[in-house]
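None of the values given here were measured: they were computed from a predicted structure.
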Amino acid sequence: TAAERDKASVTLLNGKYYDIQLGAFANKANAKALAQKLVNAGFTDLSYQTTKSGMVRVVVRRVAAADVEDTQEALFDKGFTDQFVRLRKE
């Protein structure tokens, strides 16, 4: 499962929210193209995050800890296999 594939990278904490990163790009047009594919697949709660180095991350944002594994599975089932889960900074 997606949860097993990602289990080592983050410990989910109840009551916390997470972002699931699906890509990071130097070119914002590439980030927008991935975001459009996600929208077309039914994922709409997306965000762009720009790093200090200028990379643009595409994330499914603010996923509750209880929903992270199901969201990862849904993404994986739609072909979005590169995923990185990060605790959301509020």
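Transitive grouping of hydrophobic side chains (ILVMFWY, heavy atoms separated by less than 4.5 Å) brings F25 and L75 into a common cluster. Hydrophobic clustering (side-chain heavy atoms under 4.5 Å, transitive across Ile, Leu, Val, Met, Phe, Trp, Tyr) groups V58 together with F43. The same ILVMFWY cluster, assembled from side-chain heavy atoms under 4.5 Å apart, contains both L46 and V85.
In this structure, R61 and S47 approach most closely via the heavy-atom pair CD-CB, 3.6 Å. Nearest heavy-atom pair across A65 and L13 is CB-O, 3.2 Å.
Residues D67 and Y17 fail the side-chain proximity criterion, which asks for heavy atoms closer than 4.5 Å.
For the atom pair NZ of K78 and NZ of K37, the computed distance is 15.0 Å after rounding to the nearest 0.5 Å. How far OG1 of T81 is from CZ of F76: 6.0 Å, rounded to the nearest 0.5 Å.
Side chain of Q83 to main chain of Q72: a donor-acceptor pair is present (N/O by atom type, distance under 3.5 Å, no hydrogens or angles).
Of the residues listed (I20, V60, L22), the one engaging F80 in a side chain to side chain contact (heavy atoms under 4.5 Å, CB included) is L22, and it is the only one.
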Kindly indicate, with the supporting measurements, whether the criterion side-chain contact (heavy atoms from CB on, under 4.5 Å) is fulfilled by R57 and D19. CA-CA 10 Å; R57 297 178 184 145; D19 290 336; over 6 Å; no

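Relative to the six-membered ring of Y48, K28 meets both conditions, a distance below 6.0 Å and an angle of at most 45° to the axis.
The neighbour count for D82 CG, taken as heavy atoms of other residues, nucleotides or ligands under 6.0 Å away, does not exceed 12. A 6.0 Å sphere centred on CG of N14 holds no more than 12 heavy atoms belonging to other residues, nucleotides or ligands.
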